[in-house]
Amino acid sequence: VTSLRIFAIGGLISYRALFYWLSVWIYVPSLVLAPIFQILLFAYIGRSAGLESDKFYVVGNAIQYAAVPCLFAMTQLIGGEKYQNTLGAILVSPAPRLPLFFGRTIPVVLNAAFVAAFSLTAGCLILGVHIPASAFIPLALVIVVAAFSCSGLGMINAALSLRIRENAVLTNVIFGFLLIFTGANVPISELPGWMQSVSDVIPFTHAIEAARELADGAPFSSVSDLVGTELLIGFVYLCAGFALLRFMEWQGRRHATLERS
Amino acid sequence: MKTLRLLAVGWWFQLKMISRSPFEGIGQVIYPLFFATVAFFVFQAGDSPRTLLYASLGAAVMGMWSATSTTAGSSMQRERWHGTLEALVASPPHFALVLLPITLAMSTVGIYSLAATLAFGHFLFGIDLTVEHPVAFCLSVVGTVLSFGSLGFLFAVTFVRFRAAWALGNLFEYPVWLIGGFLVPLALLPGWVGPIAWVLAPTWGMNAIRESALGGTPLPDLALCLALGVLYIGLGIVVLDRVLGAARRRAALSLT
């Protein structure tokens with residue numbers, strides 16, 4: 001019961017605390033308007049270059065933009081404790097680490113899914129992209145899986161933020177990598193072989209591919225393997241992130257560098 | 001002479017500080033390279049007659065704008081957070097002479113970004129960097145930097161009442177990339193976008209750089225770019241005087 005309370009209530013309170021700084025004045029420009037402009041930018045670049053349809057860019061960028069809430073929020077939820085001077089109090093507590101850190105993931109996943117779904121809807125309406133009604137629920141599921149998958153990467157980033165001083169730069173770099181490697185804007189087949197290999201093992205690639213197929217009218221059963229792979233990738237990243245967090249915590253205690261900023 | 005000295009010393013001082021900042025210096029140079037890479041792949045794979053040099057120049061100027069938009073919007077607020085705003089406002093020179101070098105230094109960092117993007121495209125994608133009018137190209141880059149800095153100055157004074165000014169500055173990154181015609185010709189955008197693009201100095205700066213590199217008549221575009229830059233400074237000073245006057249009356253200068 002204690003673990004469940006830490007998981008659910010702890011995660012929720014931590015996320016609400018995020019809104020101390022992630023106010024509506026930051027949320028709307030960063031997570032509501034910016035993804036729409038990203039979709040428009042790449043859809044028009046695609047038109048300018050004569051490559052792929054608007055639907056390709058709307059679906060790809062809407063899902064890829066979930067990286068911003070996943071990466072930044074996860075980092076702020078854990079690494080941000082350092083700047084609020086609360087990290088020491090949390091880590092000195094006897095709370096089991098698994099629900100403590102995983103509980104913080106759920107609100108991030110839900111928020112990222114909302115950002116992606118909103119961007120997808122807005123992008124479709126603005127550019128006149130049609131998605132069959134039968135694809136709405138499967139698409140929603142794929143978006144949640146994509147958000148979960150990237151939150152695993154966010155957990156790794158959060159762990160690194162316990163050591164790296166300028167984590168915003170690293171987060172932007174990861175976002176940039178996802179922009180190129182996930183096939184959000186460039187068909188994977190157009191990337192060099194080594195980049196395609198990287199694409200296969202990072203979040204979003206399979207979710208974006210599945211979402212595009214669903215948006216074209218494919219049934220969910222035909223993309224279930226892609227969704228399963230995305231889920232597996234997310235789980236592996238989440239476990240790796242958790243292990244890295246524990247390692248950083250141990251290192252921080254050993255070298256008394258937990259609150260070094 | 002004293003004014004010019006203040007501008008020059010302020011610009012150099014700020015440029016040195018920004019160059020050592022991981023976020024404003026390194027981050028702003030690396031980040032646009034990802035967008036440039038996407039643009040290169042898209043134009044390489046597409047069937048458009050536009051060349052990779054067209055994309056390379058557009059992506060390079062995107063980086064220049066990134067270096068300005070994200071950070072300039074919150075530059076006045078940053079002084080407030082550092083606790084230096086009151087001292088700077090109370091100093092004898094007009095505050096615009098203190099703020100303008102800050103935003104100019106930010107846009108100057110964009111030259112790193114421009115060079116990095118062009119070199120990146122050349123070495124990794126084999127993009128030929130033959131510039132038709134080298135002198136006009138250099139003048140266009142300098143003019144574009146000045147106008148970006150001026151627009152950043154206008155952003156800084158306009159957004160000062162907005163608590164999360166950095167988020168607004170960030171927001172303006174994509175729209176200017178799109179409307180400024182960096183990678184998308186204005187003819188492809190809806191007609192109502194045209195007048196907005198015309199009052200944006202980045203549009204003319206991009207045109208001047210592209211015309212000088214690909215062969216054309218860059219000087220009219222450069223003149224328009226600089227004229228708009230001067231207009232932004234004038235507007236910025238008017239807004240700044242009003243903002244500072246209101247802050248003095250309400251004793252709200254240091255409030256965040």
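The chains referred to below are lettered A, B, ... by the order of the sequence lines, with proteins before strands, and numbering in each begins at 1. The structure presented is a predicted model; accordingly, all values stated were derived computationally and were not measured.
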Considering non-hydrogen atoms only, spot the tightest contact between Pro29(A) and Ala167(B) and give its length. CB-O, 3.9 Å
Measure distances from Leu33(B) to the heavy atoms of chain A and classify the residue's part below 4.5 Å as side chain, backbone, both or neither. neither
Could you grab the distance from atom CG of Leu179(A) to atom CZ of Phe34(B), nearest 0.5 Å is fine? 9.0 Å
Give a yes or no answer on whether the side chain of Ser48(A) reaches the backbone of Leu183(B) with a donor-acceptor pair at less than 3.5 Å. yes
Should we count CZ of Phe177(A) as having more than 12 external heavy atoms under 6.0 Å? no
Once rounded to the nearest 0.5 Å, what's the spacing between atom OG1 of Thr37(B) and atom CG of Leu191(A)? 10.5 Å
Please round to the nearest 0.5 Å and tell me the distance separating atom CG of Asn170(B) and atom CG of Leu33(A). 12.0 Å
Can you tell which part of Leu170(A) gets under 4.5 Å to a heavy atom of chain B, answering side chain, backbone, both or neither? neither
Segment of Phe175(A) engaging chain B (4.5 angstrom heavy-atom cut-off): side chain
Applying the side chain to side chain contact (heavy atoms under 4.5 Å, CB included) criterion to Ile45(A), which one of Val184(B), Leu178(B), Val38(B), Leu188(B) satisfies it? Val184(B)
Kindly indicate whether the side chain of Val42(B), heavy atoms from C-beta on, has any atom under 4.5 Å from the side chain of Tyr57(A). yes
Where do Met195(A) and Phe41(B) land on the side-chain contact (heavy atoms from CB on, under 4.5 Å) test, with the steps shown first? CA-CA 12 Å; Met195(A) 289 176 80; Phe41(B) 275 123; 3.7 Å; yes
Classify the ring geometry of Phe35(B) against Phe42(A): parallel below 30°, tilted from 30° to 60°, perpendicular beyond 60°. parallel
